[in-house]
There are 2 protein chains.
Amino acid sequence: MPKKRTLPYVLLGLINDKEQLSGYQMVQEFKHEISDFWTASHSQIYPELQRMVDDDWIQIVTPASQPEANRNQTYYALTEAGHTVLLDWLREPLTAKDSDLFPLKLFFIKTKDSELLRPLLTQQLAISQDRVVYLKGRKTTVFQTPSDIDSHYGHYLTLSRGIERETNYVLWLQKLLEAL
Amino acid sequence: MPKKRTLPYVLLGLINDKEQLSGYQMVQEFKHEISDFWTASHSQIYPELQRMVDDDWIQIVTPASQPEANRNQTYYALTEAGHTVLLDWLREPLTAKDSDLFPLKLFFIKTKDSELLRPLLTQQLAISQDRVVYLKGRKTTVFQTPSDIDSHYGHYLTLSRGIERETNYVLWLQKLLEAL
DNA sequence: TCGGCCATGTAAAGTGTTACATGATTTC
DNA sequence: GAAATCATGTAACACTTTACATGGCCGA
């Protein structure tokens, strides 16, 4: 589903991870690593990169360190401003409405001792815990008798699975936070 | 190939579940039960309903059985054609590309002995199993040394969590299929 | 009777996908 | 040297959200 501009931040995160990156390489990243959390086609990425250059979030660089680099590819690196924008975005608290940003932001955290990690996990934990409570409430109100289950079996399954999934999520987050 | 519309099928499924339903009631459903799998605002739903009436998938009905029904609401029921369209959609096999349709389709299956249930679960199981294999492959290729984990900790976490989540999914599906 | 919610409808703008296009490089 | 792939770019279209708009009903 369409959300508020997320693509530029994803691109910032990708470039930040590799120091410099070409548009084509970003397309490949979307095909492999990122595809779980976000999708973008090359027809989105290339214009977006141009806009980001215009906004001075990134700049075109010639990769001196790698003579292997394909000359046909245009490489980009973060500007000072780009670093700031990325950090601000990562620091922005998660809300229940767009908690699907969690795996995305988590993906961009490089080290275990990043000061961004704990707040992110804590925020998602709160959201997931609320969700478990909400789903359990729905289950008890919607399915009060066995016949309610029999006549809406698929609904019952999706709700039950949702509770199970979200509960596992909570447990995983708690375990991670303890280990920090 | 233009992206396939899903909204009309969701509406068909909702109406089918309740025999007859008003646009407003559908909006409410989207706010509560469906929100996990699909979202739609009223500005999408109302025009879509009109299109579906034009296509003769649904028809406007006056709910005789419920005098309680609000006179301001327009109620819809499935036509013969609508039933067929819904069934055809539910029977359409899941693909890895749009496996997010699984919870949605499952939601619309009413009874445990529906002949649609087993194929649906089987298809999703195959997709999830493939996914586990793929994710595990990524993990071993991307993270070969402990230092790979340390320098891309967030990536490592999302990948690990993805494997865990999908594995749980597989187990749930297998348990369900056995119990059938 | 007035402010608020109900119930529906429409318009505009943002976001994303598919299709179309092109030069450059690799491969057979 | 023809075919396939690389790498980028643009155009058209599909989908969704936000905002705008309206008449009816209901409680204070």
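Residue numbers start from 1 in every chain, and the chains themselves are labelled A, B, ... in the order their sequence lines are given, proteins ahead of strands. Computed from a predicted model, the values in this text were never measured in an experiment.
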Q: Using a 4.5 Å cut-off on heavy atoms from C-beta on, say whether the side chain of B:K110 contacts that of B:D17.
A: yes

Q.
Any donor-acceptor pair, under 3.5 Å, between the side chain of A:S43 and the base of C:dT18, if you only look at N and O atoms?
A. yes

Q. Expressed in angstrom and rounded to an integer, what is the separation of A:I45 atom CD1 from D:dA7 atom C1'?
A. 12 Å

Q. Does A:Q73 put a side-chain nitrogen or oxygen below 4.0 Å from OP1 or OP2 of D:dT8?
A. no

**Q.** Selection residues 95-147 of chain A - residue pairs positive for ring-ring contact (aromatic ring centres under 6.0 Å, His included), sequence neighbours left out
**A.** A:F37-A:F107, A:F107-B:H155, A:F143-A:H155, A:F143-A:Y156

Q.
Which is more 5' along DNA chain C, the nucleotide nearest B:K97 or the one nearest B:V27? Just name the residue.
A. B:V27

**Q.** Minimum-distance nucleotide to A:N72 side chain [options: D:dG24, C:dG16, D:dA7]
**A.** D:dA7

Q: Return no unless some side-chain N or O of A:Q44 is found under 4.0 Å from OP1 or OP2 of C:dT17.
A: yes

Q. Are A:E48 and A:R51 close enough for a salt bridge, meaning some N to O gap below 4.0 Å?
A. yes

Q | Nearest to side-chain heavy atoms of A:T74, which nucleotide of C:dT10, D:dT8, C:dA7 | A | D:dT8

Q.
Less than 4.0 angstrom between a side-chain N/O of B:Y46 and OP1 or OP2 of C:dT8, yes or no?
A. yes

Q. Would you say C:dT15 has OP1 or OP2 under 4.0 Å from some side-chain N or O of A:R5?
A. yes

Q. Within less than 4.0 Å of OP1 or OP2 of D:dT17, is there a side-chain N or O belonging to B:S41?
A. yes

(Q) The criterion is side-chain hydrogen bond (donor to acceptor under 3.5 Å, both in side chains); which residues satisfy it with A:T140, sequence neighbours excluded? (A) none

